[in-house]
Participant: 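The structure is given below, and queries will be raised subsequently.
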There are 2 protein chains.
Amino acid sequence: MGDDVKYKDAKSDLPYGSNAKRKVVPRRSCKKEDKVFFSTLSDKKLEKMTIKELNDYTREISKHQAQELKKRRRILKNRRYALKCRVKSIQKSVNMKEENLSLEKGLSAAKRELKTILSERDNYKSKYVQLYNHVFETFSASTAIRASKLAD
Amino acid sequence: MGDDVKYKDAKSDLPYGSNAKRKVVPRRSCKKEDKVFFSTLSDKKLEKMTIKELNDYTREISKHQAQELKKRRRILKNRRYALKCRVKSIQKSVNMKEENLSLEKGLSAAKRELKTILSERDNYKSKYVQLYNHVFETFSASTAIRASKLAD
DNA sequence: CTGATTAGTTAGCAC
DNA sequence: GTGCTAACTAATCAG
(Lines give C-alpha, C1' and ligand atoms only; values in the text may rest on other atoms or scores of the structure.)
Protein backbone atom coordinates (compact mmCIF):
# COMPACT_ATOMS: atom_id res chain seq x y z
CA MET A 1 0.00 0.00 0.00
CA GLY A 2 2.91 2.31 0.61
CA ASP A 3 4.57 1.20 -2.58
CA ASP A 4 4.10 3.74 -5.32
CA VAL A 5 6.00 2.02 -8.09
CA LYS A 6 3.94 2.01 -11.28
CA TYR A 7 4.16 -0.04 -14.44
CA LYS A 8 6.87 1.54 -16.52
CA ASP A 9 5.15 0.88 -19.82
CA ALA A 10 1.61 1.36 -18.73
CA LYS A 11 1.22 4.93 -19.85
CA SER A 12 2.29 4.36 -23.42
CA ASP A 13 0.44 1.10 -23.59
CA LEU A 14 -2.84 1.74 -21.90
CA PRO A 15 -5.32 3.67 -24.02
CA TYR A 16 -7.13 1.71 -26.68
CA GLY A 17 -8.72 4.67 -28.30
CA SER A 18 -8.17 8.37 -27.99
CA ASN A 19 -8.65 9.50 -24.46
CA ALA A 20 -9.18 13.21 -24.53
CA LYS A 21 -10.76 13.53 -21.16
CA ARG A 22 -8.81 11.36 -18.84
CA LYS A 23 -5.14 11.77 -18.35
CA VAL A 24 -4.07 8.17 -18.05
CA VAL A 25 -2.25 7.72 -14.82
CA PRO A 26 -1.68 4.12 -13.88
CA ARG A 27 -2.96 3.37 -10.46
CA ARG A 28 -1.96 -0.14 -9.67
CA SER A 29 1.22 -0.59 -7.76
CA CYS A 30 3.36 -3.66 -7.48
CA LYS A 31 6.58 -4.83 -6.00
CA LYS A 32 9.84 -3.45 -7.33
CA GLU A 33 11.08 -6.83 -8.47
CA ASP A 34 7.94 -7.27 -10.54
CA LYS A 35 8.31 -3.85 -12.08
CA VAL A 36 11.61 -4.81 -13.62
CA PHE A 37 10.23 -8.15 -14.68
CA PHE A 38 7.02 -6.82 -16.13
CA SER A 39 8.76 -4.21 -18.20
CA THR A 40 10.25 -7.01 -20.28
CA LEU A 41 6.78 -7.93 -21.59
CA SER A 42 4.51 -5.23 -22.89
CA ASP A 43 0.86 -5.15 -21.96
CA LYS A 44 -0.10 -5.47 -25.59
CA LYS A 45 1.87 -8.67 -26.05
CA LEU A 46 0.70 -10.10 -22.77
CA GLU A 47 -2.92 -9.46 -23.62
CA LYS A 48 -2.77 -11.02 -27.06
CA MET A 49 -0.88 -14.07 -25.84
CA THR A 50 -2.82 -17.31 -25.64
CA ILE A 51 -2.87 -19.12 -22.34
CA LYS A 52 -0.64 -21.76 -23.86
CA GLU A 53 1.98 -19.27 -24.95
CA LEU A 54 1.85 -17.73 -21.52
CA ASN A 55 2.44 -21.08 -19.90
CA ASP A 56 5.45 -21.63 -22.09
CA TYR A 57 6.68 -18.22 -21.12
CA THR A 58 6.15 -18.67 -17.42
CA ARG A 59 7.77 -22.07 -17.24
CA GLU A 60 11.13 -20.46 -16.65
CA ILE A 61 10.10 -17.89 -14.06
CA SER A 62 9.07 -18.04 -10.44
CA LYS A 63 5.64 -19.15 -9.29
CA HIS A 64 4.85 -15.75 -7.88
CA GLN A 65 5.84 -13.89 -11.01
CA ALA A 66 3.81 -16.27 -13.15
CA GLN A 67 0.74 -15.66 -11.02
CA GLU A 68 1.23 -11.92 -11.25
CA LEU A 69 1.54 -12.14 -15.01
CA LYS A 70 -1.70 -14.10 -15.29
CA LYS A 71 -3.43 -11.62 -13.05
CA ARG A 72 -2.19 -8.72 -15.16
CA ARG A 73 -3.32 -10.52 -18.31
CA ARG A 74 -6.79 -10.97 -16.89
CA ILE A 75 -6.96 -7.29 -15.98
CA LEU A 76 -5.89 -6.25 -19.47
CA LYS A 77 -8.50 -8.48 -21.03
CA ASN A 78 -11.18 -7.24 -18.69
CA ARG A 79 -10.24 -3.69 -19.58
CA ARG A 80 -10.97 -4.43 -23.20
CA TYR A 81 -14.20 -6.24 -22.35
CA ALA A 82 -15.35 -3.24 -20.39
CA LEU A 83 -14.58 -0.94 -23.28
CA LYS A 84 -16.47 -3.18 -25.65
CA CYS A 85 -19.39 -3.32 -23.28
CA ARG A 86 -19.57 0.47 -23.13
CA VAL A 87 -19.31 0.90 -26.86
CA LYS A 88 -22.09 -1.62 -27.27
CA SER A 89 -24.43 0.18 -24.93
CA ILE A 90 -23.64 3.53 -26.53
CA GLN A 91 -24.29 2.05 -29.94
CA LYS A 92 -27.59 0.72 -28.68
CA SER A 93 -28.81 4.10 -27.60
CA VAL A 94 -27.56 5.69 -30.81
CA ASN A 95 -29.56 3.15 -32.78
CA MET A 96 -32.65 3.77 -30.71
CA LYS A 97 -32.28 7.50 -31.26
CA GLU A 98 -31.98 6.96 -35.01
CA GLU A 99 -35.00 4.70 -35.05
CA ASN A 100 -36.86 7.31 -33.08
CA LEU A 101 -36.00 9.96 -35.61
CA SER A 102 -37.03 7.84 -38.55
CA LEU A 103 -40.30 6.94 -36.84
CA GLU A 104 -40.99 10.59 -36.21
CA LYS A 105 -40.33 11.38 -39.83
CA GLY A 106 -42.56 8.53 -40.94
CA LEU A 107 -45.31 9.66 -38.63
CA SER A 108 -45.28 13.23 -39.78
CA ALA A 109 -45.19 12.10 -43.41
CA ALA A 110 -48.18 9.85 -42.79
CA LYS A 111 -50.04 12.70 -41.14
CA ARG A 112 -49.27 15.00 -44.03
CA GLU A 113 -50.48 12.41 -46.49
CA LEU A 114 -53.56 11.81 -44.39
CA LYS A 115 -54.39 15.49 -44.54
CA THR A 116 -54.07 15.48 -48.31
CA ILE A 117 -56.17 12.40 -48.83
CA LEU A 118 -58.74 13.69 -46.38
CA SER A 119 -59.18 16.91 -48.31
CA GLU A 120 -59.36 14.94 -51.55
CA ARG A 121 -62.06 12.75 -50.09
CA ASP A 122 -64.02 15.75 -48.86
CA ASN A 123 -63.61 17.36 -52.23
CA TYR A 124 -64.98 14.36 -54.11
CA LYS A 125 -67.76 13.98 -51.59
CA SER A 126 -68.92 17.56 -51.99
CA LYS A 127 -68.62 17.41 -55.76
CA TYR A 128 -70.63 14.22 -55.76
CA VAL A 129 -73.28 15.67 -53.48
CA GLN A 130 -73.49 18.85 -55.51
CA LEU A 131 -73.88 16.98 -58.75
CA TYR A 132 -76.37 14.63 -57.20
CA ASN A 133 -78.50 17.46 -55.89
CA HIS A 134 -78.20 19.37 -59.11
CA VAL A 135 -79.38 16.42 -61.12
CA PHE A 136 -82.39 15.77 -58.96
CA GLU A 137 -83.26 19.43 -58.67
CA THR A 138 -83.34 19.52 -62.42
CA PHE A 139 -85.98 16.83 -62.60
CA SER A 140 -87.90 17.27 -59.39
CA ALA A 141 -87.68 19.73 -56.56
CA SER A 142 -88.67 17.17 -53.96
CA THR A 143 -85.61 15.00 -54.44
CA ALA A 144 -83.06 17.53 -53.15
CA ILE A 145 -83.64 16.45 -49.58
CA ARG A 146 -83.24 12.81 -50.46
CA ALA A 147 -79.96 13.54 -52.18
CA SER A 148 -78.07 14.44 -49.01
CA LYS A 149 -79.19 11.19 -47.44
CA LEU A 150 -77.94 9.17 -50.35
CA ALA A 151 -74.66 11.03 -50.60
CA ASP A 152 -72.80 8.61 -48.39
CA MET B 1 -0.36 -4.11 0.26
CA GLY B 2 0.13 -7.27 2.27
CA ASP B 3 -2.45 -6.08 4.74
CA ASP B 4 -5.75 -7.79 4.19
CA VAL B 5 -7.77 -6.21 6.94
CA LYS B 6 -11.14 -5.07 5.63
CA TYR B 7 -13.65 -2.57 6.93
CA LYS B 8 -15.59 -4.35 9.60
CA ASP B 9 -18.88 -2.63 8.85
CA ALA B 10 -18.54 -2.35 5.13
CA LYS B 11 -20.55 -5.41 4.22
CA SER B 12 -23.61 -4.52 6.20
CA ASP B 13 -23.40 -0.91 5.21
CA LEU B 14 -22.51 -0.89 1.57
CA PRO B 15 -25.43 -1.60 -0.73
CA TYR B 16 -27.80 1.26 -1.42
CA GLY B 17 -30.42 -0.76 -3.15
CA SER B 18 -30.93 -4.44 -3.56
CA ASN B 19 -27.85 -5.97 -5.03
CA ALA B 20 -28.89 -9.30 -6.37
CA LYS B 21 -26.01 -9.84 -8.70
CA ARG B 22 -22.94 -8.82 -6.87
CA LYS B 23 -22.09 -10.26 -3.54
CA VAL B 24 -20.67 -7.25 -1.80
CA VAL B 25 -17.22 -8.05 -0.60
CA PRO B 26 -15.26 -5.08 0.62
CA ARG B 27 -11.98 -4.79 -1.18
CA ARG B 28 -10.13 -1.88 0.25
CA SER B 29 -7.61 -2.64 2.88
CA CYS B 30 -6.27 -0.41 5.60
CA LYS B 31 -4.15 -0.51 8.68
CA LYS B 32 -5.34 -2.40 11.73
CA GLU B 33 -5.44 0.69 13.88
CA ASP B 34 -7.77 2.31 11.35
CA LYS B 35 -10.00 -0.72 11.30
CA VAL B 36 -10.73 -0.33 14.96
CA PHE B 37 -11.14 3.40 14.56
CA PHE B 38 -13.37 3.29 11.52
CA SER B 39 -15.72 0.81 13.05
CA THR B 40 -16.78 3.50 15.51
CA LEU B 41 -18.33 5.50 12.66
CA SER B 42 -20.64 3.81 10.20
CA ASP B 43 -20.38 4.48 6.50
CA LYS B 44 -23.89 5.79 6.47
CA LYS B 45 -23.20 8.39 9.11
CA LEU B 46 -19.91 9.34 7.57
CA GLU B 47 -21.48 9.87 4.19
CA LYS B 48 -24.32 12.02 5.44
CA MET B 49 -22.04 14.14 7.60
CA THR B 50 -21.34 17.63 6.38
CA ILE B 51 -17.73 18.65 6.00
CA LYS B 52 -18.16 20.89 9.02
CA GLU B 53 -19.41 18.09 11.21
CA LEU B 54 -16.57 15.94 10.00
CA ASN B 55 -14.08 18.62 10.91
CA ASP B 56 -15.54 18.85 14.39
CA TYR B 57 -15.30 15.10 14.62
CA THR B 58 -11.73 14.89 13.40
CA ARG B 59 -10.47 17.64 15.66
CA GLU B 60 -9.79 15.12 18.37
CA ILE B 61 -8.11 12.42 16.28
CA SER B 62 -4.79 12.06 14.54
CA LYS B 63 -3.97 13.74 11.25
CA HIS B 64 -3.63 10.43 9.48
CA GLN B 65 -6.94 9.10 10.71
CA ALA B 66 -8.65 12.32 9.73
CA GLN B 67 -7.29 12.07 6.22
CA GLU B 68 -8.40 8.48 5.94
CA LEU B 69 -11.87 9.41 7.11
CA LYS B 70 -12.15 12.15 4.51
CA LYS B 71 -10.95 9.78 1.83
CA ARG B 72 -13.51 7.18 2.86
CA ARG B 73 -16.23 9.82 2.88
CA ARG B 74 -15.33 10.85 -0.64
CA ILE B 75 -15.44 7.24 -1.78
CA LEU B 76 -18.86 6.72 -0.23
CA LYS B 77 -20.20 9.84 -1.89
CA ASN B 78 -18.71 8.90 -5.23
CA ARG B 79 -20.31 5.51 -4.92
CA ARG B 80 -23.69 7.16 -4.65
CA TYR B 81 -22.97 9.51 -7.53
CA ALA B 82 -22.03 6.58 -9.70
CA LEU B 83 -25.24 4.78 -8.80
CA LYS B 84 -27.27 7.86 -9.63
CA CYS B 85 -25.44 8.19 -12.91
CA ARG B 86 -26.18 4.59 -13.84
CA VAL B 87 -29.85 4.89 -12.91
CA LYS B 88 -30.10 8.04 -14.97
CA SER B 89 -28.68 6.44 -18.07
CA ILE B 90 -30.89 3.39 -17.65
CA GLN B 91 -33.90 5.65 -17.25
CA LYS B 92 -32.91 7.47 -20.41
CA SER B 93 -32.91 4.34 -22.50
CA VAL B 94 -36.15 3.15 -20.93
CA ASN B 95 -37.75 6.45 -21.90
CA MET B 96 -36.43 6.18 -25.43
CA LYS B 97 -37.82 2.70 -25.71
CA GLU B 98 -41.22 3.86 -24.50
CA GLU B 99 -41.21 6.74 -26.93
CA ASN B 100 -40.30 4.35 -29.68
CA LEU B 101 -43.21 2.12 -28.84
CA SER B 102 -45.68 4.97 -28.75
CA LEU B 103 -44.36 6.29 -32.06
CA GLU B 104 -44.77 2.87 -33.60
CA LYS B 105 -48.33 2.70 -32.35
CA GLY B 106 -49.05 6.16 -33.68
CA LEU B 107 -47.55 5.32 -37.02
CA SER B 108 -49.54 2.16 -37.49
CA ALA B 109 -52.70 3.95 -36.41
CA ALA B 110 -52.04 6.69 -38.93
CA LYS B 111 -51.46 4.13 -41.65
CA ARG B 112 -54.67 2.35 -40.78
CA GLU B 113 -56.58 5.61 -40.90
CA LEU B 114 -54.89 6.51 -44.15
CA LYS B 115 -56.07 3.29 -45.69
CA THR B 116 -59.64 3.99 -44.60
CA ILE B 117 -59.68 7.53 -45.90
CA LEU B 118 -58.03 6.46 -49.10
CA SER B 119 -60.74 3.92 -49.82
CA GLU B 120 -63.37 6.47 -48.94
CA ARG B 121 -61.83 8.92 -51.36
CA ASP B 122 -61.70 6.33 -54.12
CA ASN B 123 -65.26 5.42 -53.40
CA TYR B 124 -66.51 8.99 -53.70
CA LYS B 125 -64.41 9.51 -56.77
CA SER B 126 -65.83 6.51 -58.56
CA LYS B 127 -69.36 7.35 -57.49
CA TYR B 128 -68.86 10.87 -58.76
CA VAL B 129 -67.44 9.69 -62.06
CA GLN B 130 -70.21 7.16 -62.52
CA LEU B 131 -72.87 9.70 -61.85
CA TYR B 132 -71.19 12.23 -64.07
CA ASN B 133 -70.96 9.78 -66.95
CA HIS B 134 -74.48 8.59 -66.44
CA VAL B 135 -75.80 12.13 -66.55
CA PHE B 136 -74.02 13.01 -69.74
CA GLU B 137 -74.85 9.70 -71.35
CA THR B 138 -78.44 10.46 -70.71
CA PHE B 139 -78.29 13.69 -72.73
CA SER B 140 -75.65 12.97 -75.32
CA ALA B 141 -73.55 9.93 -76.16
CA SER B 142 -70.54 12.04 -77.09
CA THR B 143 -70.04 13.46 -73.63
CA ALA B 144 -69.04 10.17 -71.97
CA ILE B 145 -65.45 10.65 -73.01
CA ARG B 146 -65.38 14.20 -71.71
CA ALA B 147 -66.71 13.04 -68.41
CA SER B 148 -63.63 11.09 -67.42
CA LYS B 149 -61.50 14.18 -68.07
CA LEU B 150 -63.65 16.35 -65.88
CA ALA B 151 -63.85 13.81 -63.11
CA ASP B 152 -60.89 15.24 -61.25
C1' DC C 1 -15.63 21.11 -2.18
C1' DT C 2 -19.75 18.81 -4.45
C1' DG C 3 -21.73 16.37 -8.01
C1' DA C 4 -21.39 14.15 -12.48
C1' DT C 5 -19.15 11.46 -15.79
C1' DT C 6 -15.61 8.51 -17.98
C1' DA C 7 -12.29 4.86 -17.81
C1' DG C 8 -10.28 1.17 -15.33
C1' DT C 9 -10.83 -2.62 -11.75
C1' DT C 10 -13.25 -6.28 -9.38
C1' DA C 11 -16.83 -9.76 -8.50
C1' DG C 12 -19.83 -12.84 -10.19
C1' DC C 13 -22.47 -15.13 -13.67
C1' DA C 14 -22.90 -17.95 -17.97
C1' DC C 15 -20.90 -20.79 -21.18
C1' DG D 1 -10.59 -20.06 -18.90
C1' DT D 2 -13.21 -16.47 -21.61
C1' DG D 3 -16.39 -12.90 -22.21
C1' DC D 4 -19.76 -9.95 -20.37
C1' DT D 5 -21.93 -6.90 -17.16
C1' DA D 6 -23.01 -4.42 -12.70
C1' DA D 7 -20.98 -2.11 -9.09
C1' DC D 8 -17.13 0.12 -7.36
C1' DT D 9 -12.94 3.18 -7.46
C1' DA D 10 -10.18 6.80 -9.24
C1' DA D 11 -9.39 10.73 -12.14
C1' DT D 12 -11.10 14.67 -14.02
C1' DC D 13 -14.25 18.33 -15.13
C1' DA D 14 -17.75 21.91 -14.20
C1' DG D 15 -19.74 24.90 -11.10
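Since the model is a prediction, treat every value here as computed from it, not as a measurement. Below, chain A is the first sequence line, B the second, and so on; all start at residue 1.
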Participant: Could you tell me the separation between the CD1 atom of A:Ile51 and the P atom of D:dG1, rounded to a whole number of Å?
Facilitator: 6 Å
Participant: Within this structure, what is the OH-to-P distance between A:Tyr81 and D:dG1, rounded to whole angstrom?
Facilitator: 12 Å
Participant: Given atom CD1 of B:Ile75 and atom C1' of C:dT2, what is their separation to the nearest angstrom?
Facilitator: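 Between C1' of C:dT2 and CD1 of B:Ile75: 16 Å.
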Participant: Whole Å only: how far is the NZ atom of B:Lys84 from the C1' atom of C:dT5?
Facilitator: 12 Å
Participant: Would you sort out whether B:Ile51 and B:Lys70 count as a side-chain contact (heavy atoms from CB on, under 4.5 Å), showing the intermediate values?
Facilitator: CA-CA 9 Å; B:Ile51 198 74; B:Lys70 279 201 171 186; 4.1 Å; yes
Participant: Looking at residues at least two apart in the chain, or sitting in another chain, which of them share a salt bridge (charged side-chain N to carboxylate O under 4.0 Å, His left out) with A:Lys71?
Facilitator: A:Glu68
Participant: B:Lys77 side chain N/O closer than 4.0 Å to the phosphate oxygens (OP1, OP2) of C:dT2?
Facilitator: no
Participant: 5'-most contact on DNA chain C: B:Thr50 or B:Ala82, nearest heavy atom basis?
Facilitator: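 Closest to the 5' end, via its nearest nucleotide, is B:Thr50.
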Participant: side-chain contact (heavy atoms from CB on, under 4.5 Å), that's the test. Do A:Gln67 and A:Thr58 meet it? Break it down for me.
Facilitator: CA-CA 9 Å; A:Gln67 278 180 346; A:Thr58 55; over 6 Å; no
Participant: Kindly state each residue pair satisfying side chain to side chain donor-acceptor pair (under 3.5 Å) with at least one member in residues 82-102 of chain B, sequence neighbours excluded.
Facilitator: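 Applying side chain to side chain donor-acceptor pair (under 3.5 Å) to every pair that reaches into residues 82-102 of chain B, excluding sequence neighbours, yields B:Gln91-B:Asn95.
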Participant: Between C1' on D:dT5 and CG on A:Leu83, what's the gap in Å once rounded to a whole number?
Facilitator: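 After rounding, the reported distance stands at 14 Å.
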Participant: Below 3.5 Å, does any donor atom in the side chain of A:Asn78 face an acceptor in the base of D:dC4, or the other way round?
Facilitator: yes
Participant: Confirm from the modelled atom types if A:Arg74 and C:dG12 form a donor-acceptor pair under 3.5 Å, side chain to base only.
Facilitator: yes
Participant: Atom NZ of A:Lys92 and atom P of D:dC4: how far apart are they, to the nearest Å?
Facilitator: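 Spelled out: NZ on A:Lys92 to P on D:dC4 is 14 Å.
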Participant: Starting at the 5' end of DNA chain C and moving along, which residue's nearest nucleotide shows up first, B:Lys88 or B:Arg73?
Facilitator: B:Arg73
Participant: Nearest whole angstrom, please: distance from the P of D:dG3 to the CZ of A:Arg86.
Facilitator: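 Interatomic distance, CZ of A:Arg86 to P of D:dG3: 18 Å.
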Participant: Just do the salt bridge (charged side-chain N to carboxylate O under 4.0 Å, His left out) check on B:Asp122 and B:Lys125 with the steps written out, would you?
Facilitator: CA-CA 5 Å; B:Asp122 292 345; B:Lys125 181 172 178 173; over 6 Å; no
Participant: Got a donor-acceptor pair under 3.5 Å from the side chain of A:Arg80 to the base of D:dT5?
Facilitator: no
Participant: In whole angstrom, give the distance that lies between atom CG of B:Leu76 and atom C1' of D:dC8.
Facilitator: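 In whole Å, D:dC8 C1' lies 11 Å from B:Leu76 CG.
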